[in-house]
Structure formats: C-alpha cells, structure tokens
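Here the structure comes first, spelled out in structure tokens, and everything after it is commentary.
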Amino acid sequence: MVARILIGADHAGFELKEKLKSFLMEQSWSVIDVGTHEEASCDYPDIAHDLCNRLLNGDAQMGILICGTGLGMSIAANRHAGIRAALCTSEFHARMGRAHNDANVLVFGGRVTGFEAAMYILRVWLETEFEGGRHSRRVQRIETL
Ligand code: RB5
C-alpha cells in the first residue's frame, strides 16, 4: 500500500494538481506538494527533477507529475535512473503501467485530461499492484541498459 505520494505540476498542470491533491487528501493519502504553488509560468523540468530526486531519496513511494500535454514531464522524469514515468490517458494505461511496467510516476496532461477522468485513472493506478514474474526481468533490463 502506498503511504505517501509526491505531486508536482507546472503552470499548465497547476489546476489539475490542486484538484487531485484535494481528492487524495480526502481519501486520507499523505501528499507532498513540490509545486508549483501558483499559476505563473514556470519550467516543467525543474519540477520533474525535484520530484524524481525526492522519490529516489525515499520521501514517498509514488509520484504524480502534470504539465500541459504530459510529454515534457514524461521526458524529463524518465531521464532519472530508477524512475519509470507513465503518461496515462486511460484507466487501461494506468492498469498496465502499474501491472506490467511497475511505473512509479503517473503523468497527466492538464490540457488533455479533465479532473473527472484523471480521478478514475488515478484510482486504478493506486489500486493496481505490479505483477512481477516475467515483467520483473523486463523492468530490470531497463535499468541495466
Ligand atoms: C507549457 O506551455 C507547456 O509547454 C508544458 O506544460 C508542457 O506541455 C510541455 O511538455
């Protein structure tokens, strides 16, 4: 069970971050918000790198990153060894991202996915365990390449 979750967004993901944060806190999740804390324009790589470093340091077990499309955050986060960031636009992505890829960062596009859909995707993400087995070998291969 995930105890703590990190969340971060740039200005384009700020609104969705605030809504998802409230949703998670209502469900009694412990949430660490790494910013941005305002709607002013900022640079998504700074947020992505900060969240990934904290996740790799063990501050939390999972992370959520949001930018406008979800692409910039995905690209930046996946530069970190040990981070497996998955841009999810459907519950199927969320289920497979956890079950097969053991993804530890869920990425949304704030200009792509609305709050209602994001909430369902997030719920599936949190409920789905990594299946292990043959998928463990494949995930390990990512780290060794
Ligand atoms: C910001 O305008 C936008 O470029 C950013 O949020 C993100 O979508 C980049 O990938």
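For the numbers below, each heavy atom of this structure counts, side chains included, while hydrogens, waters and symmetry mates do not. We count residues from 1, following the sequence as given. Note that ligands are numbered from 1 as they come in the structure, with each ligand's atoms numbered from 1 the same way.
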Using the side-chain contact (heavy atoms from CB on, under 4.5 Å) rule, take Phe130 and Val139 through it: C-alpha gap first, then chi angles, then the decisive distance, then the call. CA-CA 11 Å; Phe130 179 48; Val139 169; 4.1 Å; yes
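Contact detail for Asp59 and Ile32: the closest heavy-atom pair is O-CD1, 3.6 Å.
Within 6.0 Å of CZ in Arg138 there are more than 12 heavy atoms belonging to other residues, nucleotides or ligands. Atom CD of Gln27 is surrounded by more than 12 heavy atoms from other residues, nucleotides or ligands within 6.0 Å.
Interface atoms of ligand 1 facing Ala12, defined by a heavy-atom separation under 4.0 Å, are 6 (O). Those atoms of ligand 1 with a heavy atom of Gly68 less than 4.0 angstrom away are 5 (C), 6 (O), 7 (C), 8 (O).
The aromatic rings of His80 and His49 are tilted relative to each other, their planes meeting at an angle between 30° and 60°.
Under the side chain to side chain donor-acceptor pair (under 3.5 Å) criterion, Asp50 pairs with Arg54, sequence neighbours left out.
Considering only non-hydrogen protein atoms, atom 6 (O) of ligand 1 sits nearest to Asp10 OD2, 2.6 Å. For atom 10 (O) of ligand 1, the nearest non-hydrogen atom of the protein is Gly72 N, 2.9 Å. The protein atom (non-hydrogen) at minimum distance from atom 2 (O) of ligand 1 is Arg111 NH1, 3.4 Å. Closest to atom 9 (C) of ligand 1 among all protein heavy atoms lies Tyr44 CE2, 3.5 Å. Scanning all protein heavy atoms for the shortest distance to atom 1 (C) of ligand 1 gives His11 NE2, 3.6 Å.
Less than 4.0 angstrom separates atom 4 (O) of ligand 1 from none of the non-hydrogen atoms of the protein.
Partner of Ile64 under the side-chain contact (heavy atoms from CB on, under 4.5 Å) criterion, out of Leu122, Leu16, Val105: Leu122 alone.
A cation-pi geometry, defined here as NZ or CZ lying under 6.0 Å from the six-membered ring centre and within 45° of its normal, holds between Arg123 and Tyr120.
Considering backbone and side-chain N/O of Leu71, none are found under 3.5 Å from N/O of ligand 1. The distance criterion of under 3.5 Å between nitrogen or oxygen atoms is not met by Cys67 with respect to ligand 1.
Residue-level proximity to ligand 1 for Thr69 is carried by backbone and side chain together, each with a heavy atom below 4.0 angstrom.
Residue contacts with ligand 1 do not include Met73, since none of its heavy atoms lies under 4.0 Å from the ligand.
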